[in-house]
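Please read the structure below before turning to the comments.
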Protein chains: 2
Amino acid sequence: PVSRPRKKPVRLPPDVSLEDFEAAIKEIQGAIGDENVEVNDKPLVDGWYMQHPNTHDAFHITDQEELVSSAVVYPGSTEEVQATVRWANKFGIPIYPISIGRNLGYGGAAPRIPGGVVVDLGKRMHEIINIDAENASCLVEPGVTYFRLYEEIQNRKLPLWIDTPDLGGGSVLGNAIDRGVGYTPYGDHFANRCGMEVVLPNGELLRTGMGALPGPDGADNPTWQSFQHAFGPSIDGIFSQSNFGIVTKMGMQLMPAIEHQSYCFTFPRDDDFEQIVDLIRPLAQKGILGNIPQLRHVIQELNVTGRRKSDFHDGSGPMTREEVRAAAAKLPLGDCSWVFYGTQYGPSASIAAQLEVIKSEFFKIPGSKFFLPSDLPSDHYLHDRSLVCSGVPVLRELDWLNWLANSGHLFFSPIAPTRGKDARTIHEIIVKAHERHGFDLFPTLCVAGREIHYITNIIYDRADANMKASAVKLMREMIKECAEKGFGEYRTHLLFADQVAGTYNWNNSAFMRFNESIKDLLDPNGILAPGRNGIWPKRFRGKGWEL
Amino acid sequence: PVSRPRKKPVRLPPDVSLEDFEAAIKEIQGAIGDENVEVNDKPLVDGWYMQHPNTHDAFHITDQEELVSSAVVYPGSTEEVQATVRWANKFGIPIYPISIGRNLGYGGAAPRIPGGVVVDLGKRMHEIINIDAENASCLVEPGVTYFRLYEEIQNRKLPLWIDTPDLGGGSVLGNAIDRGVGYTPYGDHFANRCGMEVVLPNGELLRTGMGALPGPDGADNPTWQSFQHAFGPSIDGIFSQSNFGIVTKMGMQLMPAIEHQSYCFTFPRDDDFEQIVDLIRPLAQKGILGNIPQLRHVIQELNVTGRRKSDFHDGSGPMTREEVRAAAAKLPLGDCSWVFYGTQYGPSASIAAQLEVIKSEFFKIPGSKFFLPSDLPSDHYLHDRSLVCSGVPVLRELDWLNWLANSGHLFFSPIAPTRGKDARTIHEIIVKAHERHGFDLFPTLCVAGREIHYITNIIYDRADANMKASAVKLMREMIKECAEKGFGEYRTHLLFADQVAGTYNWNNSAFMRFNESIKDLLDPNGILAPGRNGIWPKRFRGKGWEL
Ligand SMILES: Cc1cc2nc3c(=O)[nH]c(=O)nc-3n(C[C@H](O)[C@H](O)[C@H](O)COP(=O)(O)OP(=O)(O)OC[C@H]3O[C@@H](n4cnc5c(N)ncnc54)[C@H](O)[C@@H]3O)c2cc1C
Ligand SMILES: Cc1cc2nc3c(=O)[nH]c(=O)nc-3n(C[C@H](O)[C@H](O)[C@H](O)COP(=O)(O)OP(=O)(O)OC[C@H]3O[C@@H](n4cnc5c(N)ncnc54)[C@H](O)[C@@H]3O)c2cc1C
């Protein structure tokens, strides 16, 4: 979308006068260079995925200007990150670190407190510090995207895979810190981290894992990317989905390239859902499914073509099941309900053996069909999944964004048990909520052996304030109704963080009180990403910022 | 060994008068029952593995009475654990939780501060709260041993494996908290935890992971044992290898039973070591090795027979290589140097295919040989490994303890990279140190794709004060020399915790200072396991307790 004139002037950080703000900007310019500080006083441009803004949330679900930064700073080194943090403490300015800021659907690059300063790490800190081919690992700075890491590995002709989310433009480090997921056997990104370097909110520098033990002659520790822990508590986890530190380096384990085969199954009836989930469970637990497969509803065969909803449907209401059926019938997979996208790994003989087991299971569902990439036209989505599932970053999922004019989207991402009955309970809550608010439902279920990341994508027209308001209501209702059944989100858009965090309230919110006490210890001035993941520092807590 | 009369009377907690101590004991008896509190005033009995003491370290490496408790308490519920913690705060008494206390080789059940009160959780809190066969998981209390969990699963005829360390008498929960390891594909115990309940040092109760979200109608969360995280920071890790909380419940993922095949390879020359390690690396990284194999020196073929060293060697010096060779020649595997114990998993066709690959790799080493259990007599150790590697708890490793009269042992457990050259560096440090101090070297290398847990077992005669002093010197030198090369311990005996923690001193000990700040936040009175894993609370820090 084109840029719009700003309704309001620069949004200052809370409790900071214009004069102090200007002095602060001068000081940080002095510390890291004039050209590395930008005041956010120009029109806001939503851009698109590859040119996303660091000034606000490109996929704004409230007013475009609601979550707007006052400025953005670009540190060029760990020392400059430390300088930035000390500066924020001095002026009491909330700072919001991003690695790349492509967290679209979860709030993008926006600060939670309007007027916060965005610390855009990726612009200048994007070195691949090391790729250790023998150890199958790398050490990266925040700005290293999946695309960049992939390219470098190809340039060096190394037989290594990276694990990428559905879109390849994100930050390897930033996504892991947010506990994002991908689709090779190394799909749990945070679980595959190995060693971090963290700037604490007071400016102190910490290395986790074996990095805490100095290497000989001042080198990095030789096992930093080999073993995840140190001696003593394993502290890495508290820097994920939190606001306890700024991660400046992260080690990641890389997967040795192996043979693989992607495929899909289709199932005829919407009601096959429970049985599909129950058939996946043992296959996943036994490791016959080598990665986290996706189970999608057939409506997503439509939107991933990149076509407009208006091609299939008139008016603003959700598509009917009949319309979906009619449109799907004309697509390569045909009229069906659920589509299972899987990939097998290993020597071709094992793959063949595994596929036989998997087929014999899924064929228990009458009318189910099996497809290999070779059965489908070259532009079918299965070919893109085959890439993602073998560590090749792509952009195919962006095609969804053509669904509406001016599409933005919002993820609802609860955890469900891998049990048909429970999965149906949550599915029905989500179906009904979408019906109530008139949204098409796009469920993608990432089904592991014990739990499902049930990811739904709420697509809305960013120019339609009513539609946005409905999307917000839809989210709030789903969060609430799922929590009543015990189902909570694994991650959420920053505007819903308070509500989601509030559902994790066992024993008088012991977990949040614990997090708050750590927050106040590490960040007494409350400068680091206040409100991120629902954690508010003392300075802002209970003062009306929670939503 | 028989019990010895105590040299000293009850060892009181530091800064607590006899009068206050007696008042304190009365109070805790009132809270949890007279019969659940024992003052440690009787003779100390070292017992044996299955009847280990909770009064001191059964494998004392200094004087038997050095690490002695003042009393032991047996809480029967989470509420009683909370009551115990509040009591400790009130009287300023250091308390040391154990689950079972069979942490032999790492300090057993001993408190780090003499006169501390041991909180023996396992005696009364040993319920298997749930085994969820569909979800392949369990929820256990501290006192559930591997044996107990195994039996229960067999009683219920469930097709599930547990993962057990080399000895089966430990606590499923306690071992995981100490980040112990086992040998099925689920061998990283802490990595397979799923949800914890923790009593904080102030008596507050916390649930981690999805347990932080209440289930419907006050039930436990339905995904507590399905997904490891909550929304927000992942805090479980800070309760491992620390003294930040008492874990009262833990979820563990269980492995679906599958086919398996154990085997071993022997290699002829000591110098094959580097090549063996380099051959393992790609096999492990590619997942062709399905678990963490053990690489052992042939001397361990001798001690695992349960025979005395004096059968093979005269005098107190270490065995010579020639003596080992001569003795090994008479054993089933014959004269060799290194023995690789592996296990493959999956359908028999995959196992066969994997074994072909593995053989073709290891047979690159001239003179290497391959053995299946069927090739070896029924009392050979390979049969026990086959059990452990398929989740059956055993006690075979206890046979080591016959090596000397009155054997105790001590583990030295550094992390080495899985790279021949580096592994040799660390191996040589350890070899030379053992030679210097006249100890037999018993190395067991648990070799993963990127790192090796290099576990050595220093066996000493508990009645020989000089030998114990030498063992301590040996440890201290190995810790120091390894650290100089960047190699640090993953776990250590409580008497060496300060030294080991001190090697993790990057950037002016940022990691320890971080841990200390968390400690002081959570435990301002410094009552919970002061000194455990090298973390001292403010009250004791820098006051002469560090070793
Ligand atoms: C169509 C579509 C499909 C998607 N599919 C997936 C998917 O398959 N899997 C998935 O995980 N996500 C998916 N996403 C969500 C998102 O795009 C990715 O997770 C993306 O990688 C996140 O953006 P980023 O990497 O630029 O992280 P950033 O935006 O840089 O970081 C995310 C957040 O992490 C924190 N953070 C980042 N860096 C640091 C740091 N250095 N120190 C401290 N905190 C930091 C900040 O709070 C930041 O806001 C998808 C999005 C879209 C639009
Ligand atoms: C011959 C031999 C072989 C061995 N092989 C292995 C092996 O293969 N793998 C391995 O991992 N270990 C091994 N060990 C070491 C040890 O025996 C096991 O790790 C054993 O499981 C630890 O004892 P435990 O389970 O009783 O734990 P505990 O002694 O109960 O706990 C260990 C420590 O964890 C902490 N802790 C325990 N419970 C709690 C709690 N509820 N809350 C807070 N903190 C707690 C305490 O600091 C405690 O001291 C071996 C030992 C011997 C003698």
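Atom set for the values below is all heavy atoms of this structure, side chains included, hydrogens, waters and symmetry mates excluded. A quick note: this is a predicted structure, and the numbers were derived from the prediction, not measured.
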Expected output: side-chain [X] to main-chain [Y] donor-acceptor under 3.5 Å:
{"X": "B:Gln285", "Y": "A:Glu134", "result": "yes"}
{"X": "B:Ser240", "Y": "A:Pro233", "result": "no"}
{"X": "A:Arg450", "Y": "B:Gln225", "result": "no"}
{"X": "B:Arg179", "Y": "A:His229", "result": "no"}

I'd like to verify something: which residue of [options] has the highest number of heavy-atom pairs under 4.5 Å with chain B?
{"options": "A:Lys286, A:Arg281, A:Lys485", "result": "A:Arg281"}
{"options": "A:Val357, A:Leu522, A:Ile535", "result": "A:Leu522"}
{"options": "A:Pro185, A:Ser234, A:Ala191", "result": "A:Ser234"}
{"options": "A:Thr208, A:Leu206, A:Asp422", "result": "A:Leu206"}
{"options": "A:Thr418, A:Asn221, A:Ile415", "result": "A:Ile415"}
{"options": "A:Thr492, A:Asp236, A:Asn243, A:Asp220", "result": "A:Thr492"}

Original post:
Does B:Lys249 NZ have over 12 foreign heavy atoms under 6.0 Å away?
Top reply: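 Check passes, neighbour count above 12.
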
Segment of [X] engaging chain B (4.5 angstrom heavy-atom cut-off):
{"X": "A:Leu200", "answer": "side chain"}
{"X": "A:Thr503", "answer": "both"}
{"X": "A:Leu160", "answer": "neither"}
{"X": "A:Ala501", "answer": "both"}

I need the [X] [atom1] to [Y] [atom2] distance, nearest 0.5 Å.
{"X": "B:Glu484", "Y": "A:Asp217", "atom1": "CD", "atom2": "CG", "value": "10.5 Å"}
{"X": "B:Ile258", "Y": "A:Ile288", "atom1": "CD1", "atom2": "CD1", "value": "9.0 Å"}
{"X": "A:Ile235", "Y": "B:Ile235", "atom1": "CD1", "atom2": "CD1", "value": "14.0 Å"}

Taking side chain as everything from C-beta outward and backbone as N, CA, C, O, which of these in [X] sits under 4.5 Å from a heavy atom of chain A? Side chain, backbone, both or neither.
{"X": "B:Pro256", "answer": "side chain"}
{"X": "B:Leu521", "answer": "side chain"}
{"X": "B:Leu254", "answer": "backbone"}

Using a cut-off of under 4.5 Å for heavy-atom pairs, which of [options] has the most such pairs with chain A?
{"options": "B:Gly346, B:Pro222, B:Ser242", "value": "B:Pro222"}
{"options": "B:Gly215, B:Gly534, B:Ala416, B:Gly488", "value": "B:Gly488"}
{"options": "B:Phe487, B:Phe244, B:Phe239", "value": "B:Phe487"}
{"options": "B:Ala497, B:Ser137, B:Ala349, B:Ala483", "value": "B:Ala497"}
{"options": "B:Pro347, B:Ala136, B:Gly287, B:Pro417", "value": "B:Ala136"}

How close do [X] and [Y] get, heavy atom to heavy atom, and via which atoms?
{"X": "A:Ala230", "Y": "B:Gln241", "answer": "O-OE1, 4.1 Å"}
{"X": "B:Met210", "Y": "A:Tyr504", "answer": "CE-OH, 3.4 Å"}
{"X": "A:Glu451", "Y": "B:Ser226", "answer": "CG-O, 3.3 Å"}
{"X": "A:Gly486", "Y": "B:Thr223", "answer": "O-OG1, 4.2 Å"}
{"X": "A:Glu489", "Y": "B:Phe231", "answer": "O-CB, 3.5 Å"}

Original post:
Do any of residues 506-518 of chain A have a heavy atom less than 4.5 Å from a heavy atom of chain B, and if so, which, in residue order?
Top reply: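 Result: A:Trp506, A:Asn507, A:Ala510, A:Phe511, A:Arg513, A:Phe514, A:Asn515, A:Ser517, A:Ile518.
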
Subject >> Worked check of salt bridge (Lys or Arg N to Asp or Glu O under 4.0 Å) between A:Asp132 and B:Arg419 >> reply: CA-CA 12 Å; A:Asp132 183 335; B:Arg419 255 192 260 254; 2.6 Å; yes

